[in-house]
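What follows is a set of notes on a single structure, which appears directly below.
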Amino acid sequence: MNYRSRVLSFLSVLSIITYIDRTGISLVAADMKRDLHIENDAWGWVLSAFALAYATFEMPTGALGDRLGPRRVLTRVVGWWSAFTILTGTATSWLYLVIVRFLFGMGEAGAYPNASIVVSRWFPRQETGRAQAFIWAAGRVGGVLAPWIVIPISTYYGWRAAFFAMGLLGVLWAIYWFVWFRDFPHEQPDVPADERAHIEENRWFKIKSHHIPWRAIFRSTNMWAIMLMFHFYMYGAYFFTGWLPTYLKEGRHFDKTQMQLFATLPFVLGAIGCFTGGFASDWLAKRYGLKVGRRAVGIVGMGLSSISIFLSASTSDNQTAAILLAMGMGFKDLTLPVSFAVCNDVGRSQSGVISGAMNTFGQMGAVFLGVLFGYIVKATGDFNDPLFMISGLLLCSCLLWLRIDPTEEVVI
């Protein structure tokens with residue numbers, strides 16, 4: 001195993017823990033809502049508190065990683081969010097929970113932009129799509145593992161214990177990361193000379209100033225297309241991480257065993273989608289050029305996801321609906337590593353702040369979805385109505401890939 005593969009292994013474990021912590025609250029939502037006397041419309045604000053903080057602090061934390069390096073920033077990020085994961089388990093009221101989840105989101109913001117910084121510094125540009133594929137597929141593995149970790153712990157020891165266990169995982173990762181990782185290959189003496197030379201000669205990263213290039217970002221129509229694409233993408237993504245278990249339990253009337261299975265299946269297909277999308281994009285880029293390699297995967301993935309979710313909302317058969325939803329996530333996640341690879345393509349030495357900008361706009365979609373889903377369900381009494389809205393927005397994301405150009409660098 002070459003040294004950068006070890007770095008990728010650490011980032012993959014980070015991504016697994018991120019999604020266990022992020023999806024855990026949705027898996028115990030029914031118990032928390034009952035104990036804390038929270039209705040679905042108010043629960044939407046709990047979910048959106050995380051997304052709002054995540055969106056607000058994503059870009060500054062990405063810029064901080066560009067400036068200070070991902071070793072220190074990721075240590076702070078993971079340590080902070082792990083502390084507030086543990087504190088989630090001490091919640092006694094709706095307001096307390098909203099505040100703690102906001103602070104949790106503040107801490108987790110910047111995790112993936114800083115992972116992108118590591119990729120830009122440690123990987124040749126020909127490998128960025130594959131590296132992002134592993135990172136994001138690992139996140140989906142975290143989503144797969146979460147029901148099998150969180151539900152048993154909450155069943156036997158209560159939902160509060162589940163948050164204590166999740167927080168401990170992050171603390172252990174942060175300690176190992178700070179001790180082992182270095183920001184650049186040349187700072188790590190264990191990296192073989194030939195591998196270090198190969199990375200440094202072929203990576204996108206070049207040393208530049210680390211101010212946030214606001215003007216360059218907001219004057220670029222390409223960046224607006226990237227940010228809006230991810231904004232619409234996140235309406236679909238946050239349904240799966242925030243509302244899926246509630247949808248299966250209250251909208252499709254699945255029992256706990258069925259919910260455990262069908263809350264897992266989307267993340268299994270999502271992991272496959274991430275691997276397939278990242279590797280396919282790099283292969284297509286090598287064969288047909290970077291523009292075709294990135295766009296083709298984005299258009300196909302988001303288009304098929306939109307169709308699958310529309311069909312899911314249209315069917316009355318519960319198991320068919322759950323399978324179609326899982327397929328929708330699998331198709332959607334073809335695009336996920338490609339989106340962050342595009343940030344490496346256009347951001348290069350400032351991939352942290354560029355991916356932070358994309359994710360900031362994306363997370364605003366999560367903020368709106370978190371609240372809108374609960375209010376639409378309360379107003380209509382139908383859990384399927386919000387899915388039609390999500391399907392339409394994913395179609396918008398699909399069409400925006402026609403404008404995105406990965407060869408158009410954001411000129412600082």
Side-chain angles (χ1 to χ4, degrees), residues 15 18-19 22-23 26 51 112 129 132-144 225-245 247-248 262-281 294-314 321-343 358-359 361-366 368-370 373 384 386-402 404:
S15 194
T18 299
Y19 267 80
R22 192 178 294 188
T23 60
S26 65
Y112 285 109
Q132 294 286 3
F134 273 97
I135 293 168
W136 285 103
R140 293 333 187 206
V141 171
V144 170
I226 292 169
M227 292 187 294
L228 285 171
M229 173 276 297
F230 209 66
H231 177 82
F232 295 135
Y233 169 95
M234 282 302 300
Y235 282 87
Y238 207 53
F239 165 74
F240 288 101
T241 57
W243 278 105
L244 178 62
Y247 172 84
L248 295 176
F262 286 108
T264 299
L265 183 60
F267 289 93
V268 173
L269 297 187
I272 295 170
C274 286
F275 273 120
T276 304
F279 278 83
S281 179
R294 302 296 191 234
R295 281 183 176 177
V297 176
I299 291 168
V300 170
M302 298 310 296
L304 291 177
S305 181
S306 173
I307 293 169
S308 297
I309 291 175
F310 181 89
L311 293 175
S312 174
S314 302
I323 291 169
L324 284 167
L325 276 178
M327 292 172 60
M329 182 161 178
F331 289 131
K332 177 181 65 62
D333 279 358
L334 288 169
T335 308
L336 184 55
V338 182
S339 301
F340 279 83
V342 165
C343 292
M358 181 189 76
N359 217 0
F361 273 75
Q363 290 299 325
M364 291 309 299
F368 298 147
L369 189 278
F373 196 99
N384 289 307
L387 294 184
F388 291 113
M389 175 191 72
I390 291 169
S391 173
L393 293 172
L394 294 181
L395 180 60
C396 294
S397 181
C398 166
L399 296 175
L400 281 163
W401 275 101
L402 294 169
I404 292 170

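When a residue number appears, it is its place in the shown sequence, counting from 1. These numbers come from a predicted model, not from an experiment.
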| remark: With Met302 as partner, the option from Trp401, Phe232, Phe331 fulfilling side chain to side chain contact (heavy atoms under 4.5 Å, CB included) is Trp401
| Donor-acceptor contact below 3.5 Å, side chain Ser15 vs main chain Ile135 | yes
| If every non-hydrogen atom of Ser26 is compared with every non-hydrogen atom of Gly242, which pair is closest and at what distance? | CB-O, 3.4 Å
| Partner residues of Ser308 under the side chain to side chain donor-acceptor pair (under 3.5 Å) criterion, sequence neighbours left out | none
| Stepwise, does the side chain to side chain contact (heavy atoms under 4.5 Å, CB included) test hold for Phe262 with Leu325? | CA-CA 9 Å; Phe262 286 108; Leu325 276 178; over 6 Å; no
| field | Gly370 backbone acceptor or donor facing Trp243 side chain under 3.5 Å | value | yes
| Who pairs with Asn359 by side chain to side chain donor-acceptor pair (under 3.5 Å), at least two apart in sequence or on another chain? | Glu58
| task | Nearest 0.5 Å please: distance from the OG1 atom of Thr264 over to the CG atom of Leu244. | result | 9.5 Å
| remark: Between Val297 and Thr335, the two heavy atoms sitting closest are O-OG1, 3.9 Å
| note | In terms of heavy-atom contacts, Ala341 and Gln132 come closest through N-CG, 4.0 Å
| query | Any side-chain heavy-atom pair from Phe368 and His231 closer than 4.5 angstrom? | reply | yes
| Under 3.5 Å, side chain of Arg140 to main-chain N/O of Phe267, donor-acceptor pair present? | no
| note | Nearest heavy-atom contact between Gly301 and Leu334 is CA-CD1, 3.9 Å
Donor-acceptor pairs under 3.5 Å, side chain of residues 386-399 to any protein atom, not counting sequence neighbours: which ones?
from	atom 1	to	atom 2	distance (Å)
Ser391	OG	Ser306	O	2.7
Ser391	OG	Ser306	OG	3.2
Ser397	OG	Met229	O	2.9

| Is there a side-chain contact between Phe340 and Leu336 (heavy atoms, below 4.5 Å)? | yes
Got a list of side-chain donor-acceptor pairs under 3.5 Å for residues 273-281, not counting sequence neighbours?
from	atom 1	to	atom 2	distance (Å)
Thr276	OG1	Ile272	O	2.7
Ser281	OG	Gly293	O	3.0
Ser281	OG	Arg294	NH1	2.8

| remark: Across all chains, not counting sequence neighbours, the side chain to side chain donor-acceptor pair (under 3.5 Å) partners of Ser305 are none
| Set of ring pair (Phe, Tyr, Trp, His ring centres under 6.0 Å) partners for Phe239, sequence neighbours left out | Tyr247, Phe373
